[in-house]
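Take a look at the structure set out below.
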Amino acid sequence: MEVERPANLAFGDFATNLAMKLARPLRKSPLEIAETLAGALRDGEDRELFAAVDVARPGFLNLRVANSAWEAVVADVLAAPATWGRIPTVNPRKVNVEFVSANPTGPLTVGNARGAFVGDLLCRVLEAGGQTVTREYYFNDSGAQVGHLGASVAAVRDGLPVPEDGYKGAYVEDLARELPDDVWAAASAGDGDPAEAVGAWASHRVRGMIEASLARLGVNFDVWKSEASLHSEGWVSRAVERLRDAGQVYEQDGALWFRSTAFGDDKDRVIYKSDGRPTYFAADIGYVTEKFSRGFDHLIYIWGVDHHGTIARNKNAAQAMGYDPEHYQVLLIGWVRFIADGLEVSMSKRAGTFVTLDDLLDAVGTDAARWYFASRATHVEIDFDIELAKKQSAENPVYYVQYAHARIASIVRKAAEAGIAPAASIAGLLAGEPELALARVVAQLPEVVEDAVRAEETQGITSYVTDLATQFHAFYRDAHVVDAAEPERSSKRLALALAAQTTLRNALDLLGISAPDSM
RNA sequence: GCGCCUGUAGCUCAGCGGAUAGAGCGUCGGCCUCCGGAGCCGAAGGUCGCAGGUUCGAAUCCUGUCGGGCGCGCCA
């Protein structure tokens, strides 16, 4: 059975289908059951919470909340604005969320942007639900890709063409120019390939650029984990031993395999190749043991859909190593097709054809970009028309919401000038229709947050906050707040406006979006 | 071929078992002597890809089918 908010307010504030669900087991008509339930509520100890309890065909039980109950909620908001919207912790777990994790071989692209926003949004929502969250970035600064980057930078420095398998973006030229002479001299002097030393310098440099871009988004990672450390600190070999102890590895053709098929995978997976070198998967399983050793109850990975084929082997390995596979969770983010001039823009760092995350922020702004990704389901693919986004950024719904917030701030200023202070209680105010409509929406925030936490999605928050802004604008139109002739009513309306402002601010904060006092 | 995701208004997307299917943008028409017009009011626009099924009730669940995307390496 469910309690829900009916699409049509005429049916009430809440509705339940309980009677219809009970009809079959009780072998009674839904209407009959609903009447019984309605009677119990009308005479129950909480009866003063309801203004009306009605029964509707084919068996809905509709509840209308008493104005005094809404007024009490508004008073609660004003009494503790900072915590309004936080919900009781249902699942007090310690969660590790790994996202972005782009290797430091070039600046973050708009392709990485969605992962950055979605990951941060998820963390914020989990935190609102009382969970302890660690934001983690996994990178490899010692592999073949970094070697290619070093070779590319070294080639440019030497005035030679970039190698076939190198990186061709303009940033490579910047790196070659910025490469310090002493680093370059030391790299060239050795017997070996200068690419490695140059690559180490370059990837460190690139990582700094990445951190700066992420900071600009308001995304700050708690832990930066290098793939090399998983090997050097023995996590990979320990993981392999756990699998070996469980009897789930074997050697074949000179390689070491994980028996993933024993857990339903299509095929077994190689951990160590026949040349003795580890696969990417080897590092993955080492990382799982490393993460759980830090005391996390739950691991979340945010990956692009193109990695979905690797979920099974990792989950299976976690299970084989003795962890609960339910605590190894992958959230897939849908493909983003970036369109410019009607054509898809390729996002190749190698070819140097990509749009950077910084370009995106320059074009549309952080708040608009956050809103854009927050308002879409994470797993669906989306088309992002860059030209359209630029054109529409000025009309982005986020500004509509921020405008409502700024407008309230302006009213608050006006009220202060007129010597009106907000009332602690708004008793009686909701007899007015515009006031009641606003209060009803304000009171909804905790439910919206709870839904977001449960769904691990944020679209509900963006649509709620849009609705709240609309309700405020209607209130603004119909109920003049600052009125020297009606000081008592003014201070109550001001209190309600403040509650709406707090609600807007807290909801926007949940999305990492600013709530300006003027625009 | 197999697996996963997806198809809702002109465009971009919400809704994912309930009572007349929503928003933004776009289009058309109104509203500034009055707390910020980045606003408000109204109109046009949809057989929710298609066909079956389950249910008191389906855009929502199941099956099939058509279209789109992604993945099926001892790559990362």
Side-chain angles (χ1 to χ4, degrees), chain A residues 2 4 6-8 10-11 15-17 20-21 23-24 29-30 56-60 62 101 103 105 140 143-145 227 252-257 265-284 304-312 332-335 337 339 371-372 375-377 379-385 388-389 391-392 394-404 406-415 417-418 420 455 457 459-460 462-464 466-467 469-470 472-474 476-484 490 493-494 497 518-519:
Chain A
E2 296 113 38
E4 57 179 21
N8 188 340
F11 294 121
T16 176
N17 60 0
M20 287 179 280
K21 293 295 176 197
R24 181 158 293 189
S29 89
R57 301 167 70 86
F60 287 104
N62 294 329
S101 294
N103 281 339
T105 55
N140 183 0
Q145 291 183 51
E227 182 181 335
Q252 187 181 306
D253 305 329
L256 188 72
W257 298 71
D265 200 355
D266 297 336
K267 49 191 82 166
D268 291 337
R269 306 293 173 177
V270 172
I271 300 170
Y272 284 109
K273 303 186 240 180
S274 51
D275 64 6
R277 294 169 57 198
T279 59
Y280 191 82
F281 173 57
D284 276 347
V305 276
D306 52 332
H307 285 75
H308 92 261
T310 64
I311 297 172
L332 293 175
I333 52 176
W335 203 254
R337 293 175 65 222
I339 315 281
W371 182 278
Y372 184 88
S375 60
R376 284 151 173 81
H379 69 281
V380 302
E381 60 187 81
I382 50 184
D383 282 353
F384 191 102
D385 187 319
L388 201 62
K391 205 180 74 177
Q392 290 182 350
E395 331 226 336
N396 190 295
V398 73
Y399 299 120
Y400 175 78
V401 174
Q402 290 180 323
Y403 181 69
R407 202 175 219 184
I408 297 172
S410 172
I411 291 172
V412 171
R413 277 180 241 121
K414 277 280 193 297
E417 286 168 21
I420 295 167
E457 292 277 6
Q459 317 88 274
T462 55
S463 67
Y464 166 70
T466 304
D467 187 32
T470 299
F472 176 75
H473 288 307
Y476 174 85
R477 182 192 67 227
D478 297 330
H480 201 89
V481 175
V482 180
D483 183 353
S490 288
R493 281 183 174 170
L494 179 62
S518 66
M519 299 174 66

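Excluded from the calculations below are hydrogen atoms, water molecules and symmetry mates; all remaining heavy atoms, backbone and side chain alike, are included. In what follows, every chain begins at residue 1, and chains take the letters A, B, ... in the order their sequences are listed.
- When both pairing distances are held under 3.5 Å, rU65(B) makes a Watson-Crick or G-U pair with rG49(B).
- Checked against rA76(B), rA19(B), rC74(B), the side chain of A56(A) finds its nearest nucleotide in rA19(B).
- For Y476(A), the listed nucleotide lying nearest its side chain is rG36(B); candidates were rC74(B), rG36(B), rC56(B).
- Judged by ring centres under 5.5 Å apart and planes tilted less than 30 degrees, F60(A) stacks against the six-membered base ring of rA19(B).
- Not a single donor-acceptor pair, N or O on each side, falls under 3.5 Å between the base of rG71(B) and the side chain of D306(A).
- Among the nucleotides rC56(B), rC35(B), rC75(B), the one closest to the side chain of K273(A) is rC75(B).
- Listed nucleotides rA38(B), rA76(B), rC56(B) differ in distance to R24(A); the shortest reach to its side chain belongs to rC56(B).
- The side chain of V305(A) lies closest to rC70(B), out of rG57(B), rC70(B), rC75(B).
- Side-chain to base pairing of S274(A) with rC74(B): one donor and one acceptor N or O lie within less than 3.5 Å of each other.
- Searching all strands for a Watson-Crick or G-U wobble partner of rA43(B) with both distances below 3.5 Å returns rU27(B).
- Within 4.0 Å of V481(A), counting heavy atoms only, lies at least one base atom of the nucleic acid.
- For the C1' atoms, the distance from rG68(B) to rC75(B) is 27 Å, rounded to whole Å.
- Under the stacking definition used here (centres under 5.5 Å, planes under 30°), the residue Y400(A) fails to qualify as stacked on the base of rG24(B).
- Judged by distance alone, with hydrogens and angles left aside, D284(A) brings no side-chain donor or acceptor close enough to the base of rA76(B) to form a pair under 3.5 Å.
- A distance cut-off of 5.5 Å between ring centres, combined with a plane angle under 30°, leaves H308(A) outside any stacking arrangement with the base of rC5(B).
- If you measure from atom OH of Y403(A) to atom P of rC35(B), you get 11 Å, rounded to the nearest angstrom.
- Nucleotides rA38(B) and rA19(B) place their P atoms 36 Å apart, quoted to the nearest Å.
- Nearest nucleotide to the side chain of T279(A), out of rC41(B), rG18(B), rA76(B): rA76(B).
- In the set rG18(B), rC5(B), rG73(B), rG18(B) carries the atom at the smallest distance from any side-chain atom of P58(A).
- Of all nucleotides listed (rG18(B), rA76(B), rC40(B)), rA76(B) comes nearest to the side chain of H307(A).
- With both ends at atom C1', the span from rC5(B) to rC25(B) equals 27 Å, rounded to whole Å.
- Which of rA23(B), rG36(B), rA76(B) sits closest to the side chain of T466(A) comes down to rA23(B).
- Counting any heavy atom pair closer than 4.0 Å across all strands shown, T470(A) reaches no nucleic acid atom.
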